[in-house]
2 protein chains.
Amino acid sequence: MPTMKDVAKAANVALSTVSLALRNDPKVKESTRRRVLEAAHKLQYRPNGIARDLKTRKTDTICILLHDLGGPFYSELIRGVQDVATSSGYNTIASGSLGGRNGSAVKLLSERRVDGVIVLAPDVDDEVIVQSAGADLPVVVLDRELTDEFVYSVRVDNEQGGYQVTRHLLEVGNRRVVFVSGPADSLDAEHRYRGYVKAMNEFSAPVSKRFDYNGQFTEQGGYTVGKVMSALPELPDAVFASNDEMALGILRAFEEKGIRVPDDVALAGFDNIRIAEYVRPSLTTVQQPMYEMGAVAAQLLFQALSGSKTLGSVRLATNLVVRQSSQRHISHGNQTNL
Amino acid sequence: MPTMKDVAKAANVALSTVSLALRNDPKVKESTRRRVLEAAHKLQYRPNGIARDLKTRKTDTICILLHDLGGPFYSELIRGVQDVATSSGYNTIASGSLGGRNGSAVKLLSERRVDGVIVLAPDVDDEVIVQSAGADLPVVVLDRELTDEFVYSVRVDNEQGGYQVTRHLLEVGNRRVVFVSGPADSLDAEHRYRGYVKAMNEFSAPVSKRFDYNGQFTEQGGYTVGKVMSALPELPDAVFASNDEMALGILRAFEEKGIRVPDDVALAGFDNIRIAEYVRPSLTTVQQPMYEMGAVAAQLLFQALSGSKTLGSVRLATNLVVRQSSQRHISHGNQTNL
DNA sequence: CTGTTAGCGCCTTCAA
DNA sequence: TTGAAGGCGCTAACAG
């Protein structure tokens, strides 16, 4: 692997001349530059980014840290990050947080391989984040309650979202609305529950015991809950599942039992994943402003990077999306809202 | 930002002792190590990975280069890569190839920021790949025809897949099966088409003019095709869309026109995206062994990295998944195969 | 066991 | 306009 030194030798110039020539610095004469470029080409020279990063103390790269690189849920969010990063001249890489102590996560966070990090991985400890963040490594956390001097936070208003769906379910005439929660430690689910309670109280509706399910917010988890629910002596009027995946599972369980949605029981989810629009009945849910979330997160990061004072935390609004699954007595073919 | 030098000074030892102590080398006395660790902790010392990488000439990281980080399509594939990488002690990062010449793609490929690259981004030039690959940077390309000394390739047998669906469509009694192609330059679509032609010929069925659509393999593209198709004087017996997204769009167009699938016309896609199972009618399609693809790609990479001779190219088999959309005269509620 | 020393490949004053 | 020299933070001989 040839280095700048080799190029310098081949072109019969000094090392620094090569450096300048390669970066098109006007300080080098045209003829010299050509000679250098030629030599570089002949030797198949490739700059070593690592060496440059070490010297310049920056990487022009930010990282978005996901729990699982394989999760399809965050497309729009990542796009938001990427768009902002690109327009600021930064590159974006993504990494998963699986692997614990010596996983990529910690490596990226603590070893200064990137200039900034956006964390969307519930399994990364707050402590690790606070420890790693610093003037030279701002960190933006998504969906978590944490701020610190160099840690910024972007969250969606889950309580508002929970309130919106529940209120909608009540407004279309349901009274006994039950809440299906996700993993016990999920802050998101907790906030959604709060919104649910708030709406129920406003309508003086009975806040039932939650159908807690300590699963992973998965379709399978929802399926189990749906099975249990359909075995009860009496069905509720409506079910608010704390995310769409679970709602999908519940729907499947109901379908198997011959319980019709929304005629026998209304159903709503949360997240507005793409399938929500395609499943039948299509799923009423709450849309999170994913793209905006990513874009805002990236903006915070770059503001911090540029040294300007910025907001410590941003909260974004949610959007109710009404579809078939909550529309009692309306034909399935009639979609109200995409 | 403190460096090892600072730690050494604070602990009253030499630089190298710190280096050894931090890496738990048995050569340093327990008491010394403790002193070093303490000093490091007090100073909030963080190792600089870039410096280490520069010195050791390796990053222990591989990169999977996607066209668009925001695309949800590759979950399983990435998981395959990640699993193999993790078990080999490597970290995995992902990056998008958008951004052209000075995008992250080129940066990652040519500046030795990673030890190996898996390319799943049609927009990266073959030339760039060949140029970048080398003994110290093996590259595995997915779904593209390219091999070189340090470039390995993994592909799925698109022709086989195209053959499988078409044959299935013919076997259930269709004769006039039409093929809907994707972007003009898509090699995948081209191979799927070949499989289609092969099956059609075997059954002496008429190979119709293709419904070429030079779109981006999107739902919207399919929708347009579906519109055009349903305006024709006569519908075909069956439609084989070269990917699921397009099939989804076609389905929507048909639905709007009151054309029933599969009763009026059978439909099949390719890819087996998750929605294919949820849409009604559920979509007959071809599954690509995504996880395996990722795992195999990573394995090739690590074999190359370890210096052992490996296969230059691997081709994986596809799987037909029969669902409602191709089952003439069968009730929609009756799902044959997940 | 600990310390000294020499780079990894590049950028960047400072002189010439 | 070009060249020489120093150093980014770390690892790895090689001596002590």
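A note on names: the letters A, B, ... follow the listed sequences, proteins ahead of strands, and every chain is numbered from 1.
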Work out how much the helix from dC1(C)-dG16(D) to dA16(C)-dT1(D) bends between its end axes, five pairs an end, to the nearest 10 degrees.
40°

Residues of residues 27-50 of chain A with any non-hydrogen atom less than 4.0 angstrom from an atom of DNA chain D: list those, numerically ordered, please.
Lys27(A), Val28(A), Lys29(A), Thr32(A)

Do NZ/NE/NH1/NH2 and the carboxylate oxygens of Asp25(B) and Arg23(B) come within less than 4.0 Å?
no

What's the spacing between Tyr291(B) OH and Gln82(B) CD if we round to 0.5 Å?
9.5 Å

Sorted by chain and residue number, the side chain to side chain contact (heavy atoms under 4.5 Å, CB included) partners of Lys9(A) (sequence neighbours excluded) come out as none

Could you give all pairs that pass the salt bridge (charged side-chain N to carboxylate O under 4.0 Å, His left out) test and reach residues 82-97 of chain B, with sequence neighbours left out?
none

Side chain to side chain contact (heavy atoms under 4.5 Å, CB included) partners of Ala133(A), counting only residues at least two apart:
Val139(A), Phe150(A), Val151(A)

Examine distances only and state if a side-chain atom of Asp115(B) and a backbone atom of Asp60(B) form a donor-acceptor pair shorter than 3.5 Å.
yes

Between CG of Asp25(B) and P of dA12(D) the distance, given in whole Å, is 10 Å

For Phe302(B), the ring pair (Phe, Tyr, Trp, His ring centres under 6.0 Å) test, sequence neighbours excluded, returns Tyr90(B)

Quick one: list whatever passes ring pair (Phe, Tyr, Trp, His ring centres under 6.0 Å) with Tyr152(B), sequence neighbours left out.
none

Got a sec? Which of residues 51-61 of chain B come in under 4.0 Å of DNA chain C, heavy atoms?
Leu54(B), Lys55(B), Arg57(B)

Provide the full list of salt bridge (charged side-chain N to carboxylate O under 4.0 Å, His left out) pairs with a residue in residues 137-154 of chain B, sequence neighbours left out, each pair given once.
Asp126(B)-Arg144(B), Glu145(B)-Arg155(B)

Backbone N or O of Thr59(B) within a donor-acceptor pair of the Thr61(B) side chain at under 3.5 Å?
yes

Side-chain donor or acceptor of Arg33(B) paired with backbone N/O of Ala21(B) under 3.5 Å:
yes

Under 4.0 Å from any heavy atom of chain A: name the first and the last nucleotide of DNA chain C that qualifies, 5' to 3'.
dG9(C) to dT12(C)

Using a cut-off of strictly less than 4.0 Å between a heavy atom of the residue and any atom of DNA chain D, enumerate the qualifying residues of residues 4-22 of chain B by number.
Met4(B), Leu15(B), Ser16(B), Ser19(B)

Ion pair Arg113(A)/Asp53(B), N-O distance below 4.0 Å:
yes

Kindly write out the residues that satisfy side-chain hydrogen bond (donor to acceptor under 3.5 Å, both in side chains) with Ser87(A), not counting sequence neighbours, or none if the list is empty.
none

With a 3.5 Å distance limit and no angle check, can you tell me whether Ser308(A) reaches the backbone of Gln303(A) through a side-chain donor-acceptor pair?
yes

Residues Arg35(A), Glu38(A): salt bridge by 4.0 Å N-O rule:
no

